[in-house]
> 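To start, I am sharing the structure in question, which I have written as structure tokens.
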Amino acid sequence: MARILGGITTSHIPAVGKAIEAGMEDDPYWAPFFRAYPPIRAWLAEKKPDVVINIYNDHGLGFFLDQMPTFAIGAAAEYCNEDEGWGLPELPPFKGDAPFSWHLIESMVAQEFDITSCQELAVDHGFTVPMQLFWPEGNHPPAIPISANTVQHPIPTLKRALDFGKALGKAVRSYPEDIRVVILGTGGLSHQLDGERAGFINRAFDEMCMEKIVSDPEALTAISRMELVEKAGSQGTEFLMWMMMRGALGEVRKLSSNYHIPISNTGAGTMLLECV
Ligand code: DHB
Ligand code: FE
């Protein structure tokens with residue numbers, strides 16, 4: 001049966017993709033961010049997952065305001081990246097695992113999560129930047145993208161995100177193949193890119209979220225969506241991806257954690273949680 005090895009969170013800021021392209025990892029501005037990744041890369045090299053489930057929020061490349069699925073799962077043989085206007089280099093297509101995708105979709109719908117299945121899906125920086133951070137050589141396993149809506153209200157509640165993750169965990173563990181799976185939750189932490197509060201970052205709230213996501217994720221479901229926007233900023237709602245990832249894991253131990261502000265406009269958090 002399939003097994004979940006652990007979960008990894010990271011911010012997915014486009015400027016990070018530019019820093020990778022320019023080889024600026026050791027630059028004084030970037031070093032406190034990039035130092036989070038070598039221990040995670042070493043863990044991945046040791047554990048050798050067969051598949052990565054990449055939970056991210058599309059920002060308008062794969063879906064737009066005219067068609068906005070609340071939860072979408074990729075079911076393609078490969079996923080293409082496209083130019084989003086950030087000036088990032090376009091990356092080669094990412095190999096998928098369609099049979100595993102269809103198992104996840106079947107299982108999620110059977111568990112009454114009526115997700116959107118995508119046999120074609122362009123993946124944006126929310127998906128690609130974390131893949132580059134964790135597998136800088138490009139030697140990543142096949143990937144399954146899962147996107148949740150944080151673009152157009154109403155967005156999912158924190159409870160729904162955690163429940164989605166719990167159902168996803170069951171879906172993975174019921175797959176009969178002996179594969180080892182790692183789950184990414186990308187985005188966040190606090191940031192707001194537009195409006196009067198542009199540039200807003202909330203370290204105290206981010207640190208509380210990073211602690212509770214390990215020790216007591218259920219407690220975070222008491223936070224309303226309005227409160228999440230207020231405390232984390234309008235794009236800080238990407239924390240929902242962390243909740244989805246966390247729900248799938250069950251009991252965990254934290255192997256590494258890093259927080260640094262600011263990276264571009266964002267409180268950048270990175271964590272490695274291993275399933276026990
Ligand atoms: C930034 C952060 C994001 O999560 C994003 O999707 C785009 C930009 C930023 O901080 O610049
Ligand atoms: Fe984002």
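Start at 1 and go down the list; that is how both ligands and their atoms are numbered.
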> Quick one: does E177's side chain have a donor or acceptor within less than 3.5 Å of a partner on I179's backbone?
no

> Kindly work out whether a path of hydrophobic side-chain contacts (I/L/V/M/F/W/Y, heavy atoms less than 4.5 Å apart) joins F33 to M210.
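Hydrophobic grouping puts F33 apart from M210.
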
> Going by the order shown, which atoms of ligand 1 are within less than 4.0 Å of some heavy atom of E238?
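Here the atoms of ligand 1 in question are 4 (O), 6 (O).
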
> For a ring pair (Phe, Tyr, Trp, His ring centres under 6.0 Å) with W86, tell me which candidate from H59, H12, H125 qualifies.
H125

> What is the nearest protein non-hydrogen atom to atom 10 (O) of ligand 1, stated with its residue, atom name and distance?
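Closest protein heavy atom to atom 10 (O) of ligand 1: T266 OG1, 2.6 Å.
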
> As an exercise, identify every atom of ligand 1 less than 4.0 angstrom from a heavy atom of N265.
9 (C), 10 (O), 11 (O)

> In E238, which N, O or S atom comes closest to the Fe ion (ligand 2)?
OE2

> Can you tell me which N/O/S atom of H59 has the shortest distance to the Fe ion (ligand 2)?
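Per the distance ranking, H59 contributes NE2 as its closest N/O/S atom to the Fe ion (ligand 2).
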
> With a cut-off of 4.0 Å, which atoms of ligand 1 are near a heavy atom of H12?
4 (O), 6 (O)

> Checking R160 against F71: charged group under 6.0 Å from the ring centre and within 45 degrees of the axis?
no

> Which atoms from ligand 1 have a heavy atom of H59 less than 4.0 Å away?
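Listed by number with element: 6 (O).
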
> Do T10 and Y37 have side-chain atoms, one donor and one acceptor, less than 3.5 Å apart?
yes

> Any idea which part of A15 is under 4.0 Å from ligand 1, heavy-atom wise: side chain, backbone, both or neither?
neither

> In the protein, which heavy atom is nearest to atom 7 (C) of ligand 1, and how far is it?
P14 CD, 3.3 Å

> Give a yes or no on this: more than 12 heavy atoms of other residues, nucleotides or ligands lie within 6.0 Å of atom CD of Q111.
yes

> The Fe ion (ligand 2) to H125: any N/O/S contact under 2.8 Å?
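No, since none of the N, O or S atoms of H125 sits under 2.8 Å from the Fe ion (ligand 2).
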
> Would you call E274 and R253 a salt bridge, taking side-chain N to carboxylate O under 4.0 Å as the test?
yes

> Hey, which atoms in ligand 1 end up nearer than 4.0 Å to a heavy atom of W86?
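Matching atoms, with element in brackets: 7 (C), 8 (C).
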
> Is there a donor-acceptor contact under 3.5 Å linking the side chains of E90 and N81?
no

> Select one of side chain, backbone, both or neither to describe which atoms of Y56 lie under 4.0 Å from any atom of ligand 1, heavy atoms only.
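Neither; no heavy atom under 4.0 Å.
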
> Only heavy atoms count here, so choose which of H125, E84, H191 is nearest to atom 4 (O) of ligand 1.
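Shortest heavy-atom distance from atom 4 (O) of ligand 1: H191.
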
> Looking at ligand 1, does any of its N/O atoms fall within less than 3.5 Å of an N/O of S264?
yes

